[in-house]
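Below you'll find the structure, written out as structure tokens, and then a few comments.
Naming convention: chains lettered A, B, ... in sequence-line order (proteins, then strands); numbering from 1 in each chain.
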There are 4 protein chains.
Amino acid sequence: MIIRIDQKSNEPLYLQLRSQIIASIAQGTLEPGDALPSVRSLASDLGINLHTVNKAYAVLRDEGYVVMRGRSGAYVADPADHGPAQTEAGLARMDEALFALALEYRAHGGPQEEFVARAAAQAERAYKEER
Amino acid sequence: MIIRIDQKSNEPLYLQLRSQIIASIAQGTLEPGDALPSVRSLASDLGINLHTVNKAYAVLRDEGYVVMRGRSGAYVADPADHGPAQTEAGLARMDEALFALALEYRAHGGPQEEFVARAAAQAERAYKEER
Amino acid sequence: MIIRIDQKSNEPLYLQLRSQIIASIAQGTLEPGDALPSVRSLASDLGINLHTVNKAYAVLRDEGYVVMRGRSGAYVADPADHGPAQTEAGLARMDEALFALALEYRAHGGPQEEFVARAAAQAERAYKEER
Amino acid sequence: MIIRIDQKSNEPLYLQLRSQIIASIAQGTLEPGDALPSVRSLASDLGINLHTVNKAYAVLRDEGYVVMRGRSGAYVADPADHGPAQTEAGLARMDEALFALALEYRAHGGPQEEFVARAAAQAERAYKEER
DNA sequence: GTGGTCTAGACCACG
DNA sequence: GTGGTCTAGACCACT
């Protein structure tokens with residue numbers, strides 16, 4: 001699993017970490033049941049603080065992507081048992097985000113079909129890579 | 001132009017303002033050349049701080065959506081005049097955002113076609129409303 | 001609002017704080033829209049760390065009891081707009097907890113009616129005090 | 001006696017074990033005087049550590065649910081033999097728990113009668129199953 | 001050794 | 001001045 005953090009970005013480190021782990025799950029680098037690195041080891045690998053990794057893991061747990069087995073570490077959750085509440089909240093957020101992006105595209109003068117084509121292209125990229 | 005600010009949201013006020021103005025431009029409520037409300041009047045209308053409105057306008061200017069004509073106020077820019085650099089930067093950000101969303105969707109176990117369908121549905125919504 | 005923390009308890013401080021604030025909301029000491037003390041002032045009042053208060057507030061926010069207005073502090077949420085997802089998750093947890101308590105009571109040899117009577121008595125207490 | 005442990009839960013294993021054994025006692029699967037499985041066999045059956053089972057048994061002993069007869073193992077205690085101190089301590093804990101739950105319910109805006117009805121429903125469930 | 005919790009002190013975006 | 005984020009270092013419960 002390759003994780004790259006940009007210390008200079010204004011996106012919070014723990015959110016960068018979250019995104020990267022979600023990407024790894026999406027692309028199959030991490031499969032359901034796989035163990036994530038321990039907070040300590042990942043923190044030292046990335047040169048960031050333990051608590052930052054901890055927060056990223058906590059967010060992923062709250063979003064249903066991983067489960068924490070207090071005893072032995074963090075594991076990738078099976079998408080099949082994401083709670084429906086989590087899923088619905090996630091879909092609502094996603095629709096909102098897509099809507100905002102579409103509005104921005106329109107405000108720039110871009111036509112509707114082009115926006116959809118762009119979304120399709122990115123979907124292609126997200127669903128093709130590394131698996 | 002109807003602007004609604006949600007004081008309870010965790011999204012910064014100036015970004016909410018930015019989104020709402022972009023939405024107005026997208027939906028034609030604001031057309032190229034139109035004057036935006038003055039910072040003072042908009043701030044008092046919304047019951048928020050002058051600085052907040054100012055910051056929103058500055059962001060919109062940096063993104064090419066509006067032009068500031070010195071003392072006479074802010075005006076909606078013509079999409080045709082957007083500098084190519086701004087446009088490209090915007091497109092890159094948008095592609096990145098779409099890619100991240102697609103990855104999240106895939107990580108949740110959703111199929112590619114469904115993601116595209118969702119994007120298309122939101123585009124429909126963004127391109128239909130109010131014009 | 002009277003908050004009392006027991007440093008010696010094995011219950012985590014942030015959870016004690018959470019319970020106390022929920023109690024204040026339940027009993028009307030805190031009403032929807034009221035401002036909570038700032039994390040800094042509450043932390044210093046209670047003689048605990050700022051981050052501990054912060055975590056308690058974050059939990060309460062996630063559970064829908066309070067809303068954070070990044071700018072001006074934390075406010076008591078209106079129960080009317082607790083998200084249904086949060087409410088349902090809460091009810092499920094509550095039912096589970098009640099079930100576990102009932103089982104314990106039965107294992108001790110106590111009859112069903114007595115358990116219900118006890119629950120009713122505690123409800124009486126919770127719904128009567130301070131309002 | 002059917003014991004099911006959820007490795008994914010964030011509840012400590014030894015507490016899950018404790019709850020399950022209490023449930024078995026409550027529902028009559030385990031009756032006063034019955035022998036509990038040996039620490040070794042239960043640990044290997046559940047695929048967990050010896051220490052974990054041991055700790056669960058120790059907690060149950062402290063709470064008066066089981067008695068340890070030296071080398072011959074653990075036996076289900078007769079509720080009649082529960083020391084009054086243990087019983088009272090247990091009742092106090094239970095009342096506290098019920099009170100906290102009632103407060104949470106009230107803070108969410110739920111009416112008193114509904115809370116009692118919920119408690120009664122869970123009692124029904126706890127007192128009906130498996131006997 | 002693992003995550004959970006707490007303390008301490010710092011900087012930043014926001015308003 | 002507010003909460004959000006990050007760093008640092010410590011102790012504890014659980015396995």
Find out whether A/Val67 and D/Asn10 are in side-chain contact, i.e. whether some heavy atom of one side chain is under 4.5 Å from a heavy atom of the other. no

With the side chain counted from C-beta on, respond yes when A/Ile48 and A/Tyr14 share a heavy-atom pair under 4.5 Å apart, and no when they do not. no

Gap between atoms [atom1] and [atom2], on [X] and [N] respectively (whole Å):
{"X": "D/Arg18", "N": "F/dC14", "atom1": "CZ", "atom2": "C1'", "answer": "17 Å"}
{"X": "B/Lys8", "N": "E/dG15", "atom1": "NZ", "atom2": "C1'", "answer": "19 Å"}
{"X": "C/Ile5", "N": "E/dT5", "atom1": "CD1", "atom2": "P", "answer": "15 Å"}
{"X": "A/Leu46", "N": "F/dC6", "atom1": "CG", "atom2": "P", "answer": "13 Å"}
{"X": "C/Asn10", "N": "E/dC6", "atom1": "CG", "atom2": "C1'", "answer": "15 Å"}
{"X": "B/Glu11", "N": "F/dG4", "atom1": "CD", "atom2": "P", "answer": "15 Å"}
{"X": "C/Leu15", "N": "E/dG4", "atom1": "CG", "atom2": "P", "answer": "13 Å"}
{"X": "A/Leu36", "N": "E/dT2", "atom1": "CG", "atom2": "P", "answer": "13 Å"}

Could you give the distance from [atom1] ([X]) to [atom2] ([Y]), rounded to the nearest 0.5 Å?
{"X": "A/Asn49", "Y": "A/Ser44", "atom1": "CG", "atom2": "OG", "answer": "11.5 Å"}
{"X": "B/Leu103", "Y": "A/Ile25", "atom1": "CG", "atom2": "CD1", "answer": "11.0 Å"}
{"X": "D/Thr52", "Y": "D/Leu17", "atom1": "OG1", "atom2": "CG", "answer": "8.5 Å"}

Please check if atom CD in C/Glu11 has more than 12 non-hydrogen atoms from other residues, nucleotides or ligands closer than 6.0 Å. yes

Using a 6.0 Å cut-off, check whether atom CZ of D/Arg40 has over 12 heavy atoms from anything other than its own residue. no

Checking C/Glu104 side chain against D/Ile22 main chain: does a donor-acceptor pair fall under 3.5 Å? no

Check whether D/Gln16 reaches the backbone of D/Asp6 with its side chain - one donor and one acceptor, N or O, closer than 3.5 Å. yes

Could you report the tightest heavy-atom contact between D/Tyr65 and C/Ala107, atom names first, then the distance? CE2-CB, 3.7 Å

What contact category does B/Leu13 fall into here, base, sugar-phosphate, or nothing, at under 4.0 angstrom with non-hydrogen atoms? sugar-phosphate

Would you say a side-chain N or O of [X] is under 4.0 Å from OP1 or OP2 of [N]?
{"X": "C/Ser72", "N": "E/dC14", "answer": "no"}
{"X": "C/Tyr14", "N": "E/dC6", "answer": "no"}
{"X": "B/Asn49", "N": "E/dC14", "answer": "no"}
{"X": "C/Lys55", "N": "E/dC6", "answer": "no"}

Dot-bracket for DNA chain F, 5' to 3', counting Watson-Crick or G-U wobble pairs under 3.5 Å, with [ ] for crossing pairs and | for inter-strand pairs? ||||||||||||||.

Strictly under 3.5 Å: I want the nitrogen or oxygen pairs between protein and nucleotides 10-12 of chain F, one per line.
none

For DNA chain F, whose closest nucleotide is more 5', that of A/Ile48 or that of C/Met68? C/Met68

Using heavy atoms to find the nearest nucleotide of DNA chain F for C/Ser38 and A/Pro12 separately, return the residue whose nucleotide is more 5′. C/Ser38

Between E/dC14, E/dT7, F/dT5, which one does the side chain of C/Asn54 approach most closely? F/dT5

